[in-house]
Visitor: 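Take a look at the following structure, please.
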Amino acid sequence: MSSYAAHIATVQARFDQALAATDYDAVLVYAGQPRVAFLDDNPAPYKANPLFKYWIPVTDSPKSAIYYEPGHKPVVFLFQARDFWHAPVSVPAAEWQEHVELVVIDDLQKLTRYLGDKLAKAAFIGEDFAEPVASWQVAACNPQALIDHLHYHRAEKTAWEVENLRVANLRAATAHLAARDAFMAGKSELEIHAAYLAAIDARETELPYNSIVGLNEHGAILHYDVYETTAPAASRSFLIDAGATYRGYCADITRTYARESGLFADLVSAMDAAQQQLLTEIKPGVNYYDLHVSQHMKVAGLLNEFDIVRGNPEDIYAQGFTSAFFPHGLGHFIGLQVHDVGGFLQNDRGEQYPRDERHPFLRLLRPIEPQQVFTIEPGLYIIDQLLEAHEGEQAFNWQRIDELRPFGGVRIEDSIVVGSDSNENLTRDAFAKLEG
């Protein structure tokens with residue numbers, strides 16, 4: 001059995017269980033369609049419903065849908081418009097077509113006529129903002145219990161999903177190396193981003209998220225996506241958080257570089273070592289929250305080691321000082337979505353872990369299990385807005401903070417596949433393959 005055949009069998013089994021648990025006869029998963037801007041007719045870039053591309057690796061065929069009834073082959077309604085305004089969607093022959101009943105349509109009324117009375121018994125999953133979809137009479141629209149059940153189990157990735165994630169990471173690492181070289185050549189943020197895209201022949205809309213390409217102080221803006229068009233007079237540091245996709249699966253990689261040796265370069269190396277040390281603590285049964293706290297303790301150690309905050313690491317963390325320098329979560333699930341879902345689910349019945357008041361931005365609270373895939377992305381930044389709350393704090397070495405402010409911050413991010421006995425680092429393996 002091929003890895004895709006095993007994957008779609010797993011997907012069917014998970015939908016069987018979810019439908020049985022929520023008392024629905026069938027499901028209709030709509031791929032979605034582009035939305036237009038307010039008071040305009042120009043559409044935003046289209047992104048396929050993740051539960052649609054969970055079944056088949058088709059990401060650019062809006063208005064398509066999958067109907068699944070347990071005990072029957074899934075029916076894929078592949079929408080191919082008769083349209084002289086746009087290029088036709090090209091869907092080449094592929095293995096997935098052997099596992100479904102393929103029905104090509106150019107009008108959504110053909111879908112409703114094909115399904116007939118079955119439509120009213122199906123749970124609908126997808127966006128229904130546009131007609132005729134908004135008027136379809138279905139059993140339920142996006143029932144939360146059904147979605148929770150599917151999302152909980154989707155955290156365990158199949159072998160086929162991991163294969164796709166490997167390729168996505170290889171693509172992203174290729175582009176990261178091109179971006180690093182552009183930084184070293186003194187290019188602007190926009191030029192660096194252009195080099196990133198060119199390295200993998202990608203359009204910006206094909207990336208899983210807006211790339212963060214920050215030079216100097218911009219590295220301290222967590223979701224910076226401005227792209228200055230001129231290079232700074234002094235290009236001191238570079239933080240890039242950017243990804244790639246393959247068959248609908250996402251890579252999410254962050255690296256930080258210093259142009260010259262010295263304090264900031266040493267801090268980057270120390271953060272990289274701390275992140276790699278944390279990776280050795282990942283194993284089934286450990287709670288992701290505990291990993292997050294462990295990383296905070298390592299950041300506390302770095303704050304003391306680099307004379308940024310004075311005191312022992314335990315006290316630095318206990319007083320909440322680390323959150324002024326490492327304010328975001330350690331990471332998140334990744335897969336069909338960059339911030340893949342289910343990180344707060346306790347079980348497939350929808351019960352959730354409460355968000356932690358101490359670390360409210362952490363996206364993942366579940367215990368670690370084999371075949372989960374998540375990111376590990378610690379950071380250490382000089383963010384004035386967060387430091388204002390500690391103004392006058394004697395434990396803070398404000399002179400050292402001033403020295404680091406022109407460099408922005410450090411973040412290192414890898415994606416990890418959890419194994420029963422050992423883990424796979426998708427990101428570092430990709431870089432090793434390219435640089436080895």
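The model shown is predicted, which means the values in this text are computed figures rather than measured ones. Hydrogens, waters and symmetry mates are skipped; everything else that's a heavy atom, side chains included, is used. Positions are given from 1 along the sequence.
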Visitor: Suppose we screen for side chain to side chain contact (heavy atoms under 4.5 Å, CB included). Which residues come up paired with A20, at least two apart in sequence or across chains?
Guide: none
Visitor: Output yes when R363 and D340 qualify as a salt bridge under the 4.0 Å nitrogen-oxygen rule, no when they do not.
Guide: no
Visitor: Q80: what forms a side chain to side chain contact (heavy atoms under 4.5 Å, CB included) with it, not counting sequence neighbours?
Guide: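 Once residues adjacent in sequence are excluded, the partners of Q80 under the side chain to side chain contact (heavy atoms under 4.5 Å, CB included) criterion are L78, V91, V104.
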Visitor: Report all side-chain donor-acceptor pairs from residues 242-249 shorter than 3.5 Å, counting only partners two or more places apart or in another chain.
Guide:
unit_1 : atom_1 : unit_2 : atom_2 : d
T245   : OG1    : E206   : O      : 3.2
R247   : NH1    : N164   : OD1    : 3.2
Y249   : OH     : E161   : OE2    : 2.8

Visitor: Identify every side-chain donor-acceptor pair in residues 110-121 under 3.5 Å, counting partners at least two apart or on other chains, and give the distances.
Guide:
unit_1 : atom_1 : unit_2 : atom_2 : d
K110   : NZ     : D106   : OD1    : 2.9
T112   : OG1    : Q109   : O      : 2.9
Y114   : OH     : E101   : OE2    : 2.2

Visitor: Determine, for R349 against D148, whether the closest basic-nitrogen to carboxylate-oxygen distance falls under 4.0 angstrom.
Guide: no
Visitor: For the residue pair Q17 and H153, confirm or rule out a side-chain donor-acceptor distance under 3.5 Å.
Guide: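 Side chains of Q17 and H153: no pair found under 3.5 Å.
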Visitor: Is it true that D384 and R405 make a salt bridge, defined as a side-chain N closer than 4.0 Å to a carboxylate O?
Guide: yes
Visitor: Is the closest side-chain donor-acceptor distance between Q12 and D16 under 3.5 Å?
Guide: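 Not at all, the side chains of Q12 and D16 share no donor-acceptor pair under 3.5 Å.
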Visitor: Please collect all ring pair (Phe, Tyr, Trp, His ring centres under 6.0 Å) contacts where either partner lies in residues 404-436, sequence neighbours excluded, each pair once.
Guide: F264-F407
Visitor: Before accepting this row, confirm whether a basic side-chain N of the pair R35/E127 lies closer than 4.0 Å to the acidic partner's carboxylate O.
Guide: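 Result for this pair is yes, salt bridge flagged.
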Visitor: Checking H151 now: which residues fulfil ring pair (Phe, Tyr, Trp, His ring centres under 6.0 Å) with it, not counting sequence neighbours?
Guide: none
Visitor: Side chains of Y4 and E163: is there a donor and an acceptor less than 3.5 Å apart?
Guide: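 Per modelled atom types, Y4 and E163 side chains form no pair under 3.5 Å.
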